[in-house]
Student: 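This is the structure, below, for whatever I ask next.
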Amino acid sequence: MRYSELFLPTVREIPADAEIVSHQLMIRAGMIRKLTSGIYTYLPLGYRVIRKFERIVREEMNRAGAQEVYMPMVQPRELWEESGRWNHYGKELLRFKDRNDRDCCLGPTHEEVITDLVRNEIKTYRQLPRNIYQIQTKYRDEIRPRFGVMRCREFSMKDAYSFDADEEGVDISYKKMFGAYMRIFQRCGLRFRAVEADTGSIGGSFSHEFMVIADTGEDSLVFCSTCDYAANLEKAEIAIPEGRKVSGEEFVPLETVHTPDMKSIEEVSWFLSVQPRDVVKTMIYSADGIPVAVLVRGDTDVNEIKVKNYLNCDVLEMADDTMIYKATGAPRGFAGAIGIKARIIADYSLMNMTNFVMGANKEDYHVKNVNIGRDISVDSFADLRIARDTDLCPRCGGNLLFARGIEVGHVFKLGTKYSKAMKAVYLDKNGKEQYMVMGCYGIGIGRTVAASIEQNHDEHGIIWPLTIAPYQVIITPVNVNDEKIKIISEKLYASLLEKGVDVIVDDRDERAGVKFNDADLIGIPLRVTIGKKALSEQKMEVKIRKSGKVKILATDKVVDFILSYVNEGM
RNA sequence: CGGGGCGUAGCGCAGCCCGGUAGCGCGCCUGCUUUGGGAGCAGGAUGUCCCAGGUUCAAAUCCUGGCGCCCCGACCA
């Protein structure tokens, strides 16, 4: 490609509305432009990167035995009612009516469509297993799109769905996909971890997320310093204490104390001269409309996902003031477990606590010396709090490390959630009807590209790994008005093209500085500079974007050097 | 949905308080010079000042309503 003919609008200034580096650089490097909130156009340079990444995805999916299809984005309400998600998916599911007044939605994911297809076409165990995938546009009506293509409304995703005869089969399919994902992200040169994850609104029995490690990531990750354990913070387990051991301490009589306007744990513990860890936080939640009191130690925080999963409810939200008042008889800030009209569940951290402080269910009062068993009864103890760096690994007892991550892939073992809801069955060897056992596997295409930029950039711009770089080489004639330089760069351009190298020649009549800066910004891995000085000695310069190293090579060695560098990096 | 901010040339912004000819930098176009890290000089083009209504002799500026975008939070693949 000739730069002079490229539709590549680079921008010098940092766009005011771009927060994170990848967003800034994708705009500056002329990869994307915003149409409206959370909806982007990919320009030629950006789309080339997308295509390169998609190609890796396709190669690895095909290698793992998956087959590509292309499903519709517009989907009928009926399918979503069958799966039960028409009501449960929430506002992220964009719904609309067609001209015949039929309810439709834009697909945020394709479990319904694929399950419908497969149940109609696959009838016997002989046709199983199957793994079917697509790369398709999804629409999720995000509450707040941000970070460019990282969290947007319309985006491209690779989604695969596996159908197996039984549990054993789905475990094999899951492992294959897991392996394919490892290869995909390795080939992109990303630093990433697979972590245990919550299944969210997709559902299913267990899942792993593939997380690119980056400080700007929206997810918190926990991993063990000694064993392989790694999890999303929202999933990270905390080792169950060995049992209730009351530390010999005597139960002290209850005492109600006046705590005017002291609502937070900090205020109460300061006011009563105790440690936050001596106070119990009583959080009132509405679980499908029913009040539940969740008790955690004052120095820890409730993990709502754990609570939601423990209660197995559809909607879990903080109770509103009315519900709090009904349950406790007091305004927000003074809830406690004594006499509360709600189910009480407590985090394991309460098992060893004695004579603690909690709200009195009365405005401006707290109670001291509360004890479980004597003063309150707890329905059950469970792991309900967010893991902290002082916690130990639930598997081996090692120390936990924390990091931020960008979720680029997610693999789910779905089980029979959708096949049961939508009656996707086959006949087994005995002629008996069985539910297919499913898995689903997603990769965010645009997001992976953005994550790669988060990890690979410097103050000058993007630093693409060779495997997904829009072009592998850029030739920079320092001055196109110099006939000799021009002829030689054209010659090099032609011979690289002939060898199948993705090459761009910057034939613009611009000053060298402009070309160098643009080349750095768009992040091409190799830059060949053709200038008067080196040329007079029959030499050219090859600069490696990543290391910044410059090689001065004899003119006739340049093509060979590039070919071996490129082949090694792919 | 709650809180905050912004909307003026392609981009980044000033002007708005205190109403009176719409500006700056970058980019763009033309010419000359220049040519190894975002050139210099000279000349030039470009605006429904987000939209609608109101106040006023006069509105980018004041008032009302709307729309859009961004940030924080709640929420979530």
Side-chain angles (χ1 to χ4, degrees), chain A residues 9-20 23-24 27-28 30 33-39 85 88-93 107-111 138-148 150-157 159 197-204 207 209-211 217-219 232 234 304-305 308 315-318 320 405-412 440-447 459-461 476-482 485-486 506 508-521 527-536 540-541 543 548 550 552:
Chain A
T10 58
V11 351
R12 193 186 300 198
E13 287 168 89
I14 296 171
D17 56 1
E19 281 296 288
I20 60 172
H23 187 194
Q24 293 170 355
I27 289 171
R28 292 224 293 135
R33 286 295 182 265
K34 184 170 67 183
L35 211 215
T36 183
S37 179
I39 298 184
R85 290 205 291 185
H88 289 240
Y89 210 93
K91 286 190 173 173
E92 251 182 64
L93 182 65
T109 171
H110 283 73
E111 282 81 10
K138 309 283 186 204
Y139 188 90
R140 295 182 187 172
D141 213 14
E142 284 287 340
I143 209 161
R144 180 147 91 86
R146 59 186 129 172
F147 304 144
M150 200 75 91
R151 175 162 297 271
C152 50
R153 297 191 293 172
E154 187 179 309
F155 61 98
S156 174
M157 178 168 158
D159 47 325
D198 186 63
T199 53
S201 63
I202 305 284
S207 78
E209 288 167 329
F210 286 77
M211 292 284 190
E218 292 187 87
D219 288 280
N232 193 310
E234 60 186 35
E304 292 188 9
I305 290 179
K308 187 176 177 205
V315 180
L316 181 82
E317 51 194 6
M318 296 283 291
D320 58 22
I406 299 166
E407 182 189 350
V408 290
H410 202 158
V411 293
F412 298 82
C440 79
Y441 318 92
I443 290 179
I445 302 293
R447 186 183 277 192
E459 69 273 25
H460 298 113
T476 306
V478 162
N479 181 358
V480 290
N481 297 315
D482 181 319
I485 289 176
K486 194 174 169 184
D506 193 349
R508 295 175 299 169
D509 185 8
E510 287 284 357
R511 300 174 67 82
V514 173
K515 296 186 181 188
F516 293 153
N517 281 315
D518 276 334
D520 287 348
L521 177 61
R527 187 186 83 205
V528 185
T529 310
I530 300 178
K532 217 191 271 182
K533 278 182 246 163
L535 218 48
S536 64
M540 293 180 187
E541 292 170 27
K543 185 167 184 179
V550 179
I552 313 279

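Numbered from 1 within each chain, the chains take letters A, B, ... in sequence-line order. Model, not experiment: these values are computed from the prediction.
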Student: Establish, with yes or no, whether the OP1 or OP2 oxygen of C70(B) is under 4.0 angstrom from a side-chain nitrogen or oxygen of S37(A).
Tutor: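 It does, given that an N or O in the side chain of S37(A) lies less than 4.0 Å from OP1 or OP2 of C70(B).
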Student: Side-chain contact, heavy-atom cut-off 4.5 Å: E92(A) with P108(A)?
Tutor: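 Not touching, per the 4.5 Å side-chain cut-off.
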Student: Return the value, rounded to whole Å, for the distance between atom CD of E218(A) and atom C1' of C72(B).
Tutor: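 These atoms are roughly 14 Å apart.
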Student: If you check the V478(A) side chain, which of G37(B), C71(B), G36(B) turns out closest?
Tutor: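 Closest nucleotide among those given: G36(B).
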Student: Could a donor-acceptor pair under 3.5 angstrom be found where the side chain of D518(A) meets the base of G38(B)?
Tutor: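 Counting by modelled atom types and ignoring angles, a donor-acceptor contact under 3.5 Å is found here.
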Student: Is any side-chain heavy atom of F210(A) closer than 4.5 Å to one of I443(A)?
Tutor: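 Contact flag for I443(A)/F210(A) side chains = no.
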Student: Determine the interatomic distance between C1' on G53(B) and the same-named atom on G47(B); round to the nearest Å.
Tutor: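 Nearest-Å result for G53(B) against G47(B) at atom C1': 23 Å.
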Student: Is E510(A) side chain donor-acceptor paired with the G38(B) base, going by distance under 3.5 Å alone?
Tutor: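 By the distance-only test, no, there is no pair.
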Student: If you measure from the P atom in U48(B) to the same atom in G12(B), how many Å do you get, rounded?
Tutor: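 Nearest-Å result for U48(B) against G12(B) at atom P: 16 Å.
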Student: Expressed in whole Å, how much space separates the C1' atoms belonging to A74(B) and C18(B)?
Tutor: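 Per the computed distance, 41 Å lies between those C1' atoms.
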Student: If C49(B) has a Watson-Crick or G-U wobble mate with both distances under 3.5 Å, name it; if not, just say none.
Tutor: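 Matched C49(B) with nothing under the 3.5 Å cut-off.
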Student: Measuring from the side chain of R146(A) (C-beta onward, heavy atoms only), which nucleotide among G37(B), U35(B), C72(B) has the closest atom?
Tutor: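 Closest nucleotide to the R146(A) side chain: C72(B).
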Student: Mind checking whether R28(A) and P15(A) have side chains closer than 4.5 Å, heavy atoms only?
Tutor: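 R28(A) vs P15(A): side chains touch.
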Student: For the side chain of K533(A), counting heavy atoms from C-beta on, which of G36(B), C76(B), C75(B) is nearest?
Tutor: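 Output: G36(B).
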Student: Could you tell me the Watson-Crick or G-U partner of C6(B), where both distances fall under 3.5 Å? Say none if there is no partner.
Tutor: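 Pair assignment: C6(B) / G68(B).
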Student: Could you check how far CD1 of I39(A) sits from P of C69(B), rounded to whole Å?
Tutor: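 Taking atom P of C69(B) as the reference, CD1 of I39(A) is at 9 Å.
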Student: In whole Å, what separates the C1' atom of C69(B) from that of C50(B)?
Tutor: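 To the nearest whole Å, 10 Å.
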Student: Strictly by Watson-Crick or wobble contacts shorter than 3.5 Å, is anything paired with G25(B), and which nucleotide is it?
Tutor: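 WC or wobble partner is C11(B).
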Student: Is there a donor N/O on one and an acceptor N/O on the other, under 3.5 Å, for the side chain of R144(A) and the base of C76(B)?
Tutor: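 Flag unset: no donor-acceptor pair detected.
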Student: Could you check whether the side chain of R527(A) and the base of G37(B) have a donor-acceptor pair of N or O atoms closer than 3.5 Å, going by distance alone?
Tutor: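 Between G37(B) and R527(A), which were checked side chain against base, a qualifying N/O pair under 3.5 Å is present.
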Student: Applying a 4.0 Å non-hydrogen cut-off, can you work out what R33(A) is touching in the nucleic acid: base, sugar-phosphate, or nothing?
Tutor: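 Nothing: the residue R33(A), judged by heavy atoms under 4.0 Å, touches no strand.
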Student: RNA chain B: I406(A) or G38(A), which has the more 5' nearest nucleotide?
Tutor: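 Whichever sits nearer the 5' end wins; that is G38(A).
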Student: Stepwise, does the side-chain contact (heavy atoms from CB on, under 4.5 Å) test hold for K138(A) with H110(A)?
Tutor: CA-CA 9 Å; K138(A) 309 283 186 204; H110(A) 283 73; 2.6 Å; yes
Student: Applying a 4.0 Å non-hydrogen cut-off, can you work out what E13(A) is touching in the nucleic acid: base, sugar-phosphate, or nothing?
Tutor: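 Base contact - E13(A) has a heavy atom under 4.0 Å of at least one base atom.
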Student: Can you check whether F147(A) reaches E218(A) side chain to side chain, under 4.5 Å on heavy atoms?
Tutor: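 A side-chain contact under 4.5 Å exists here.
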Student: Of the listed nucleotides (U35(B), C75(B), G37(B)), which one gets closest to any side-chain atom of N479(A)?
Tutor: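 From the listed options, U35(B) comes nearest.
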Student: Would you kindly compare I14(A) and R151(A) by the position of their nearest RNA chain B nucleotide and give the one closer to the 5′ end?
Tutor: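 With I14(A) and R151(A) compared, the 5'-side residue is I14(A).
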Student: Please state how far atom CZ in F516(A) lies from atom P in A39(B), giving the value in whole angstrom units.
Tutor: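 Atom CZ in F516(A) sits about 12 Å away from atom P in A39(B).
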Student: In whole angstroms, how far is the P atom of G36(B) from the CE atom of M540(A)?
Tutor: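 Between P of G36(B) and CE of M540(A): 17 Å.
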Student: What nucleic acid atoms does V514(A) come within less than 4.0 Å of, heavy atoms only: base, sugar-phosphate, or nothing?
Tutor: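 Counting heavy atoms under 4.0 Å across all strands, the contact made by V514(A) includes a base.
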Student: Between C28(B) and C70(B), how many Å separate the two P atoms, rounded to a whole number?
Tutor: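 Result for the P pair: 28 Å, nearest Å.
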Student: For the base of U35(B), is there a side-chain donor-acceptor partner from D482(A) under 3.5 Å away?
Tutor: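 Absent.
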Student: My understanding is that a pair needs two contacts under 3.5 Å, Watson-Crick or G-U wobble. By that rule, which nucleotide pairs with A59(B)?
Tutor: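 Paired with A59(B), as far as the under-3.5 Å criterion goes, is no nucleotide at all.
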Student: May I ask you to test the I485(A)-L535(A) pair for a side-chain heavy-atom distance under 4.5 Å?
Tutor: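 In short, these two side chains touch, coming nearer than 4.5 Å.
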Student: Taking the minimum atom-to-atom distance to the side chain of A512(A), which one of G38(B), G36(B), C75(B) wins?
Tutor: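 Selected nucleotide: G36(B).
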Student: Whole Å only: how far is the CD atom of Q24(A) from the P atom of C11(B)?
Tutor: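 Q24(A) atom CD is separated from C11(B) atom P by 17 Å.
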Student: With a non-hydrogen cut-off below 4.0 angstrom, is E317(A) in contact with a base, only sugar-phosphate, or nothing?
Tutor: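 If one applies the 4.0 Å heavy-atom cut-off, E317(A) turns out to touch nothing in the nucleic acid.
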Student: If we call it a pair only when both distances are under 3.5 Å in a Watson-Crick or G-U wobble match, what pairs with U30(B)?
Tutor: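 In the structure as shown, U30(B) has A42(B) as its Watson-Crick or wobble partner.
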Student: Reckon R511(A) has a side-chain N or O less than 4.0 Å from the OP1 or OP2 of A39(B)?
Tutor: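 For A39(B), OP1 or OP2 has a side-chain N or O of R511(A) closer than 4.0 Å.
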Student: Just N and O in the side chain of K34(A): are any of them under 4.0 Å from OP1 or OP2 of C70(B)?
Tutor: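 The answer is yes; a side-chain N or O of K34(A) sits under 4.0 Å from OP1 or OP2.
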Student: How far does the C1' atom of U64(B) sit from the matching atom of G73(B), given to the nearest Å?
Tutor: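 These two C1' atoms come out 29 Å apart once rounded.
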Student: Suppose you measure atom P in G20(B) against the same atom in U61(B); what distance do you get, rounded to whole Å?
Tutor: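 G20(B) and U61(B) have their P atoms separated by 10 Å.
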Student: Could you tell me how far apart R447(A) (CZ) and C76(B) (P) are, to the nearest whole angstrom?
Tutor: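 So the two atoms are 15 Å apart, to the nearest Å.
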Student: Using purine N1 to pyrimidine N3 plus N6-O4 or O6-N4 for Watson-Crick, or N1-O2 and O6-N3 for G-U wobble, each under 3.5 Å, what pairs with G19(B)?
Tutor: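 WC or wobble partner does not exist here.
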Student: Under 4.5 Å between any side-chain heavy atoms of I143(A) and K91(A), yes or no?
Tutor: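 Result no, sub-4.5 Å side-chain heavy-atom pair not found.
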Student: Using atom P in both nucleotides, what's the gap between G27(B) and G10(B) to the nearest angstrom?
Tutor: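 Their P atoms lie roughly 16 Å apart.
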Student: Which part of the nucleic acid does E304(A) contact within heavy-atom distance under 4.0 Å: base, sugar-phosphate only, or nothing?
Tutor: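 E304(A): backbone/sugar contact only, no base atoms under 4.0 Å.
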Student: In the structure I gave you, are the side-chain heavy atoms of D17(A) and K34(A) within less than 4.5 Å of one another anywhere?
Tutor: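 The answer is yes, as the side chains (C-beta and beyond) meet within the 4.5 Å cut-off.
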Student: Give a yes/no on whether any side-chain N or O of T36(A) is located under 4.0 angstrom from OP1 or OP2 of C69(B).
Tutor: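 Checking T36(A) against C69(B): at least one side-chain N or O falls below 4.0 Å of OP1 or OP2.
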Student: How close or far is atom P of C1(B) from atom CD of E92(A), stated in whole angstroms?
Tutor: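 It is 16 Å, rounded to the nearest whole Å.
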Student: Report the residues that fulfil ring pair (Phe, Tyr, Trp, His ring centres under 6.0 Å) with H410(A), sequence neighbours left out, ordered by chain and then residue number.
Tutor: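 Checked H410(A) against ring pair (Phe, Tyr, Trp, His ring centres under 6.0 Å); matches are F412(A).
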Student: Report the base-pairing partner of G37(B) (Watson-Crick or G-U wobble, both distances below 3.5 angstrom), or none.
Tutor: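 Because no pair has both required distances under 3.5 Å, G37(B) counts as unpaired.
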Student: Measure the distance from CG on L535(A) to C1' on U35(B) and round it to the nearest whole Å.
Tutor: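 Rounded to whole Å, this separation is 15 Å.
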Student: With the side chain of D17(A) defined as its heavy atoms from C-beta on, choose the nearest nucleotide among C70(B), G25(B), G36(B).
Tutor: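 The listed nucleotide nearest to D17(A)'s side chain is C70(B).
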